[in-house]
Amino acid sequence: MPTNLLEKLNPAQREAVETTEGPVLIIAGAGSGKTRALAFRTAFLVLEKNVYPQNILAVTFTNKAAQEMKERIVELLRESSFSSSNLPLIGTFHSICVKILRREIDRLGYKKSFSILDTQDQLAMIKKVFKEISLNPDQFNPKAALGTISKAKNELIDASHFAKNSGSYYEETISRVYLAYQKKCREQSALDFDDLIMFTVKLFKDFPEVLEKYQNIFRHIMVDEYQDTNHAQYELIHLLAKKYQNICVVGDDWQGIYAFRGANIQNILNFEKDYPSAKVVKLEQNYRSTQNILDAAYGVISKNINRKDKTIWTEKKGGHLIESFEARDEREESEYVASEIQREMKLGKKFSDFVVLYRTNAQSRILEEAMLRSGLPYRIIGGIKFYQRKEVKDILAYLKLIQNFNDQISLERIINEPKRGIGEATIGKWIKFSKDRNLNLVETGTNLKEEKNIAENKLDYISKFCDFIKRMSEIKGSLKLREFIEKVYIESGYEKYLLDGSEEGEMRHENVMELLTVAQKYEEYPTPEGLELFLEEVALISDTDNIDKNSEAVHLMTLHSAKGLEFTNVFIVGLEEGILPHSRSLLSPQEMEEERRLMYVGITRAKEKIYLLFTSERNIYGSVQSNSPSRFLDDIPEHLIQVARPKPKSDGKLFSLRNKTTSSTTNHKLPTTNYKDGERVEHPIFGKGLIISAKGDVLTIAFSKAGLKKLSASIAPLKKM
DNA sequence: GGCAGCCACGTTTTT
DNA sequence: CGTGGCTGCC
């Protein structure tokens with residue numbers, strides 16, 4: 001590695017990069033350049049220590065993080081003119097386990113062509129199990145059952161183990177569900193997300209020779225966001241690293257916010273106990289925020305007892321004060337946000353410099369409305385999920401069935417989409433028929449005549465359907481993936497079913513077209529392999545991965561989604577007891593610590609300015625609640641906070657206009673309504689439009705390009721034409 | 001088998 | 001207040 005690469009690092013980062021042998025724990029504060037350190041470390045191993053790239057494994061939690069890491073490493077290697085065709089294995093826990101299981105899972109009695117169940121599939125499966133063992137979903141909540149099973153899997157407790165150790169009536173009942181669920185999965189060669197990890201660990205434990213093979217491949221292991229690992233993931237890494245002990249984990253215990261889904265923060269806190277020879281490196285210089293922001297964040301996190309100590313510092317002394325604002329209600333809160341953004345925009349900021357963070361997704365709606373009224377372009381992260389849309393899932397189910405003739409969940413999903421007159425009863429008979437003969441569903445489908453209990457016309461439909469699936473399976477190698485999926489889409493009758501002339505159908509069709517675009521990426525692979533890769537990627541993908549950082553819009557997202565991101569100005573809304581911290585955490589000291597870490601994550605996203613907002617009254621589920629201000633506000637040193645108050649009109653702030661007795665609606669009605677129906681206007685973002693209705697301050701405008709929008713006459717930057 | 005209306009419920013989220 | 005899931009009727 002050219003020495004100038006190392007010179008780009010600070011001393012602590014350099015130490016992390018240069019310690020290539022033995023266990024290393026990198027405690028990396030928010031904004032301290034940890035991804036950078038990991039990428040450099042990988043490049044250093046390859047270029048300086050002559051480690052083969054294929055002997056390096058880097059594990060992340062999200063596809064996005066993996067992608068980012070890949071890009072950085074490729075860039076570093078390319079700078080040193082090292083061929084980047086030969087890359088380390090970089091991926092999420094789940095994708096890496098899938099890779100291993102695709103090669104080895106037959107040892108555990110599963111087919112290598114196993115399907116992967118997502119949360120919806122899992123729930124469908126659980127509900128079936130409930131029926132099978134005649135369990136009343138009113139007494140036991142299927143979602144809760146699924147949660148308990150998932151938790152067990154994260155602790156590496158398999159079904160029989162769970163059954164042995166169940167003490168209470170509840171546990172015994174769940175253990176019956178668990179056993180039946182797992183049996184069903186096995187019959188269909190289906191694995192859920194938790195199985196992917198648990199089975200890989202089981203494989204390694206039951207087959208030492210397999211473990212050793214992978215230990216020899218992955219001689220250098222790096223794990224990002226180590227504070228978010230659960231027990232199963234911990235064990236997986238522990239096994240792989242056992243032989244060579246070259247394990248480097250990076251994390252920040254202050255930012256662990258996923259305990260609720262099984263992450264165990266003790267994994268990082270105990271690293272030095274697990275690996276007594278571990279070298280500990282602390283990255284404490286923050287390159288993102290001002291000192292004031294860091295001090296505020298520290299004020300919050302320092303109240304937590306269960307944490308390692310570290311000092312975060314920055315060269316950016318001082319900075320803006322933290323602005324706090326008490327709004328009367330959530331509507332005023334959101335309008336304050338919008339007006340502040342507009343005010344700051346005049347100072348030359350970009351829309352993408354702003355993010356609004358909230359505790360729960362339900363808070364996004366009112367913010368969205370305020371953005372619309374003010375004409376601010378915005379993007380909600382984590383709202384509607386593309387891969388969860390019915391039409392997308394249906395098409396994928398067709399493909400999954402073509403790939404795995406035993407995929408019962410997929411079959412049931414699509415046998416009647418489009419309508420073929422096959423209902424639950426018929427499918428039940430069909431499945432039983434297959435099971436009795438130990439044949440796969442598609443094969444028996446063309447052969448069901450022996451089953452006397454199914455009406456002639458239905459047999460015909462089933463047989464045609466199965467012929468279709470078989471035919472598609474045969475030709476899948478002869479077409480490009482995109483063309484193949486299109487063929488399935490059309491010939492299954494699904495296209496015709498969607499395009500029924502309705503607007504909604506048109507939209508759904510568009511979504512399928514979007515899916516085809518995704519498939520185009522696999523053009524270079526022959527279809528059987530491309531199809532496999534495609535289904536794999538799609539099964540393990542999530543929509544937050546698609547956050548387009550460059551999109552010119554204000555971002556709205558939950559505090560959880562914000563981890564790893566940074567913005568110039570950060571608004572945190574709903575800082576009230578019961579919201580942040582969330583009501584569910586008020587009674588548990590541990591959960592309260594997690595809420596505090598969440599707040600810490602929120603504050604440390606900011607480069608320049610933080611706004612903390614709360615309301616005196618808030619509408620929750622239709623009734624008005626009045627929460628007291630969040631305890632986290634008190635944790636921030638007082639001298640760092642500037643309280644925004646109603647001020648005289650002159651400083652141009654919308655909210656300064658108002659004293660506390662005027663309501664926001666009356667306020668808005670005052671200056672406006674020189675707009676009339678039928679007038680033409682122009683908006684800097686939405687373009688030209690026509691006013692359809694003007695009711696008080698609220699204008700409904702049809703924009704020729706952006707469509708129908710409701711805007712506030714007093715706030716939106718409209719020009720008459 | 002399909003659709004309409006009613007009721008229950010209501011963190012956070014990745015894979 | 002909204003939504004989504006399930007029941008009951010056609």
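Here is the naming used below: chain letters follow the sequence lines, and residue numbers restart at 1 for every chain. Everything quoted here is computed from the prediction, not taken from an experiment.
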Taking only side-chain N and O atoms of [X], does any of them lie within less than 4.0 angstrom of OP1 or OP2 on [N]?
| X | N | value |
| --- | --- | --- |
| A:K143 | C:dG5 | no |
| A:R618 | C:dC1 | no |
| A:S561 | B:dT13 | yes |
| A:T119 | B:dT15 | no |
| A:N361 | B:dT13 | yes |

What integer number of Å spans the P atoms of B:dT12 and C:dG5?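 My reading of the P atoms in B:dT12 and C:dG5 gives 15 Å.
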Between C:dG4 and B:dT13, how far is it from one P atom to the other, in whole Å?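 So the two P atoms sit 16 Å from each other.
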A:L598/A:H560 under side chain to side chain contact (heavy atoms under 4.5 Å, CB included): CA gap, chis, key distance, verdict: CA-CA 7 Å; A:L598 198 50; A:H560 283 89; 3.5 Å; yes
Hey, does [X] reach any base, or is it just sugar-phosphate, or nothing, if we go heavy atoms under 4.0 Å?
| X | answer |
| --- | --- |
| A:E225 | nothing |
| A:Y258 | sugar-phosphate |
| A:E595 | base |

For the pair made of [atom1] in [X] and [atom2] in [N], what is the distance, rounded to whole Å?
| X | N | atom1 | atom2 | result |
| --- | --- | --- | --- | --- |
| A:D195 | B:dT14 | CG | P | 20 Å |
| A:L559 | B:dT13 | CG | P | 9 Å |
| A:D118 | B:dT13 | CG | C1' | 14 Å |
| A:R261 | B:dT15 | CZ | P | 8 Å |
| A:D228 | B:dT12 | CG | P | 17 Å |
| A:Q233 | B:dT13 | CD | C1' | 13 Å |
| A:I620 | B:dG10 | CD1 | P | 14 Å |
| A:I116 | B:dT14 | CD1 | P | 17 Å |

With a distance cut-off below 6.0 Å to the six-membered ring centre and an angular limit of 45° from the axis, does A:R597 pair with A:Y600 as a cation-pi contact?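 No; the conditions do not both hold, so A:R597 does not lie above the ring face of A:Y600.
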Tell me if the side-chain of A:R359 makes a donor-acceptor pair with the base of B:dT12, cut-off 3.5 Å, by modelled atom types.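 Flag set: donor-acceptor pair detected.
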Between N or O atoms, less than 3.5 Å apart, protein on one side and nucleotides 1-9 of chain B on the other: list the pairs.
from: B:dG1; atom 1: OP1; to: A:G423; atom 2: N; distance (Å): 2.3
from: B:dG1; atom 1: OP2; to: A:E424; atom 2: N; distance (Å): 3.4
from: B:dG2; atom 1: OP2; to: A:N416; atom 2: ND2; distance (Å): 3.4

Could you check which of C:dT3, B:dT12, B:dT11 has an atom nearest any side-chain atom of A:R365?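 Looking only at heavy atoms from C-beta outward on A:R365, the closest nucleotide is C:dT3.
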Measuring from the side chain of A:T558 (C-beta onward, heavy atoms only), which nucleotide among B:dT12, B:dT14, B:dT15 has the closest atom?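 Nearest to the side chain of A:T558 among the choices is B:dT12.
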Can you tell me how the ring of A:F193 sits relative to the ring of A:H94, calling it parallel under 30°, perpendicular over 60° and tilted otherwise?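 If you compare the ring of A:F193 with that of A:H94, the planes turn out perpendicular.
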Which label fits A:Y234 and A:Y226: parallel for a plane angle under 30°, tilted from 30 to 60°, or perpendicular past 60°?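 Tilted.
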Flag the pair [X] / [Y] as yes when their ring centroid distance falls below 6.0 Å, and as no otherwise.
| X | Y | value |
| --- | --- | --- |
| A:Y494 | A:Y497 | yes |
| A:F61 | A:Y258 | no |
| A:Y378 | A:H555 | no |

Where does B:dT12 land, syn or anti, once you apply the within-90°-of-0 test for syn?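 For B:dT12, whose glycosidic angle is more than 90° from 0, the conformation is anti.
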From OG (A:S583) to CD (A:Q625), nearest 0.5 Å: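 One gets 8.0 Å once the value is rounded to the nearest 0.5 Å.
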Quick check, does A:H94 stack with B:dT15? I mean ring centres under 5.5 Å and planes off by under 30°.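 Ring-base stacking flag not set for A:H94 and B:dT15.
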Compare the ring of A:F260 with the six-membered ring in the base of B:dT12 and state whether they stack (centres under 5.5 Å, planes under 30°).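 Here A:F260 meets both the 5.5 Å and the 30° conditions.
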Kindly determine whether A:E576 and A:R618 satisfy salt bridge (charged side-chain N to carboxylate O under 4.0 Å, His left out), including the steps that lead there. CA-CA 10 Å; A:E576 293 145 47; A:R618 179 179 294 272; 2.7 Å; yes
